[in-house]
*Asks:* 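Quick one: the structure is below, and I'll ask about it shortly.
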Amino acid sequence: MSPHTPDTPKIPYGGDYNPEQWPEDVWDEDHRLFTRAGIDTLTVGVFSWSLTQPAEDVHDFTVLDRVLDRAAAEGRRVCLATGTAALPPWLAGKYPEVGRTDFEGRRHRYGQRHNFCPSSPAYRRLSTAMAGRLAERYCHHPALLAWHINNEYGGACYCDLCAEAFRAWLRDRHGTLDAVNDAWWTTFWSHRYTDWDQIEPPSALTEHWRGPDHTAFQGITLDYQRFMTDALLGCFTAEKEAVRAHDPDTPVTTNLMGAYRPLDYHRWAPHLDFASWDNYPPLDAPPTRPALAHDLMRGLKDGAPFWLMEQTPSTTACRDVNPLRRPGELRLATFQAIAHGADAALYFQLRASRGACEKYHGAVIGHAGRDDTRTFLEVEAIGAELAALGAATLGARTPSRTALLFDWDSWWALEISDGPSRLVRYPDVVHSYYRAAREAGADVDVVPVTADLTPYDVVLAPVLHLVKGDLAERLEAVARRGGTVLATFLTARSDEHDRAFLTDVPGPLAPLFGIRVDEWDARPEDVVQRVSMGEFTTEARLVFEIVRLRGAEAVGTYGDDFYAGTPAVTRHAHGTGEAWYVATALDQPGVGHVVRRVLARHDLTGPCADQPGVETATRVTADGTSLLFLLNHTTNAAHLAMRQAATDLLTGKTYEQGESLPLDPLGVAVLRLQ
Ligand code: GLA
Ligand code: ZN
């Protein structure tokens, strides 16, 4: 069996640790404090390249040796990074090609991190050599638990090497220039290419104006986003292969960033042994924002547990204003990750760096090295709870019957489109449907459009702008066998090359939804339409599609303008199931109303659906034990009437069926159901 999420006896707890910044007497103190806090897992070597290779022909692993040996001696495990995300100065000086060329065409000089050109042969050679050397040296080290390739891959490069690589990628994907011209619709504005070398990366110097979202040719920009995803993925897989040459077994990952627009993580997923990601939600975001990202990450490996690779124990540093986590919020965020499928809880960072741009980023151990700060004590208390939890949650899967389709191609296509409205943002609409389902208590799998849809009763497809492959047939099959499919405005508008379908809107999905859309009205944010759904009235904004019924019935109608009284929300019986279409951006109560009606049809609302701010999530272990997580995101006490007897694994308390379970403000319970 191929490597998977690392096998551990409990949830690995710890985080990014940079002892190379400190003398060894500080390490003694670190380990004393790690023991106190229950920290057993250290992510090391993430930014150590200039130390391990101070010159091209000089390698020095003495510090890293000591870091790993010390970890092993202390009984801790290491998530070992290849350290290739921040370049040593000599490398950039000797091979200027490793610097990126930005969107404006400026070749960057040495500085910062996460900014190597993915097409640079020098970078590829040196990064894979380093990964290989590390694997050769440490593959049998008793501390080694997992490989952490690079760090937060991202961004894009527009240099000549990338232009060459893009052309090669296009040949591979399209075969001929005729196919490229057809896919990109190049006869528009006289762009018919007659030589591959005429093709330029789409940037501020070529097809774009007003930034990355404004392109003359969506097809080119879309292909460049796919290409850049693959180019950076190529860096990852090259390092992974170098590791594998020495170490066939240890699981390999890289830390992703949740719903990160530049990289289509679904293209990465098959190459990761397990998914891991860094969770830094804006602290004023509703809790369903990080939850959506957790579920998106869990969906990468078909529902297998992922690692929470980073979160701050207290505050970030990179934002203009960096609020503090309130007492109890760290614990809540940690258990929220576990509730959604995390099998590790790691921080950035264990000890605060003394200088440079992250010196004010929160850390388990601050500059004063104290073990009695609020942050340290909260970290310590969570460590004790995770120790008590042991293996109880490890490997457990989420038994969702609701799927939400998440599609980077649709995200890109929607947001680089001229018309109908630049105010529609893909993650916002997706989040509003996800939030509605989660607040109603449904567990949700966030899956790619290629996922097997047969396990689901409900499939939500918000703003699925671009429809490719056999998705239309598979959605029809969901409804035919009795399920419910829901789509929204701006769904199924274009094909895989972002060319409009030459049929009625919504393209290949029109028969399933039993509607036809000929016109759509886009208005500024302050223009509000009333939408009535029987007794329930709500508001809608941004885009108002004008729907003609072709078999569907109207569930909601517009209240204003020349299309007052026409359908805004429709339902179409298809087979023994239903297909719902929401033709406008309903406000959150409106989305909630529609989604609850859909979920109710399948009895999928949860036990806390009427308690705003109380989140539930279910995981089922390999032996069939059901774990119900209760997360009180409010600062008020809450109560849950138990539907069945259960034991809270955090307190050991047992509850009978019908008994009321109290939850503190920001409180958490992990219930083993009987
Ligand atoms: C990212 C990086 C870390 C660190 C943190 C700070 O997630 O991976 O190296 O910079 O952000 O928030
Ligand atoms: Zn480049």
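Any value given below was found using the heavy atoms of this structure, including those in side chains, with hydrogens, waters and symmetry copies removed. Atoms within a ligand are numbered from 1 in the order they appear, just like the ligands themselves.
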*Asks:* If you measure every N or O of E358 against every N or O of ligand 1, does any of those distances drop under 3.5 Å?
*Replies:* yes
*Asks:* Go through ligand 1 atom by atom and flag the ones less than 4.0 Å from a non-hydrogen atom of F47.
*Replies:* 9 (O)
*Asks:* How about Y95 and Y123: are their ring centroids closer than 6.0 Å?
*Replies:* no
*Asks:* Against heavy atoms of E152, which atoms of ligand 1 measure under 4.0 Å?
*Replies:* 1 (C), 2 (C), 7 (O), 8 (O)
*Asks:* Is it the side chain (CB and beyond), the backbone, both or neither of N151 that lies under 4.0 Å from ligand 1, heavy atoms counted?
*Replies:* side chain
*Asks:* Which of the numbered atoms in ligand 1 are below 4.0 angstrom from a heavy atom of R113?
*Replies:* 2 (C), 3 (C), 9 (O), 10 (O)
*Asks:* Is it the case that the side chain of Y265 and the backbone of M257 share a donor-acceptor pair, with hydrogens and angles ignored and the cut-off at 3.5 Å?
*Replies:* yes
*Asks:* Any sub-3.5 Å donor-acceptor pair from Q53's side-chain atoms to V58's backbone N or O?
*Replies:* no
*Asks:* For atom 11 (O) of ligand 1, find the nearest protein heavy atom and state the residue, atom name and distance (0.1 Å precision).
*Replies:* E310 OE1, 3.6 Å
*Asks:* Quick check against the 3.5 Å criterion: does Y110 have a side-chain atom that pairs as donor or acceptor with the backbone of L87?
*Replies:* yes
*Asks:* Would you say CG of D428 has more than 12 non-hydrogen atoms from neighbouring residues, nucleotides or ligands within 6.0 angstrom?
*Replies:* yes
*Asks:* If you measure from the Lys or Arg side-chain nitrogens to the Asp or Glu carboxylate oxygens, is any gap between E415 and R261 under 4.0 Å?
*Replies:* yes
*Asks:* Among all protein non-hydrogen atoms, which one is nearest to atom 12 (O) of ligand 1, and what is the separation to 0.1 Å?
*Replies:* H361 NE2, 2.8 Å
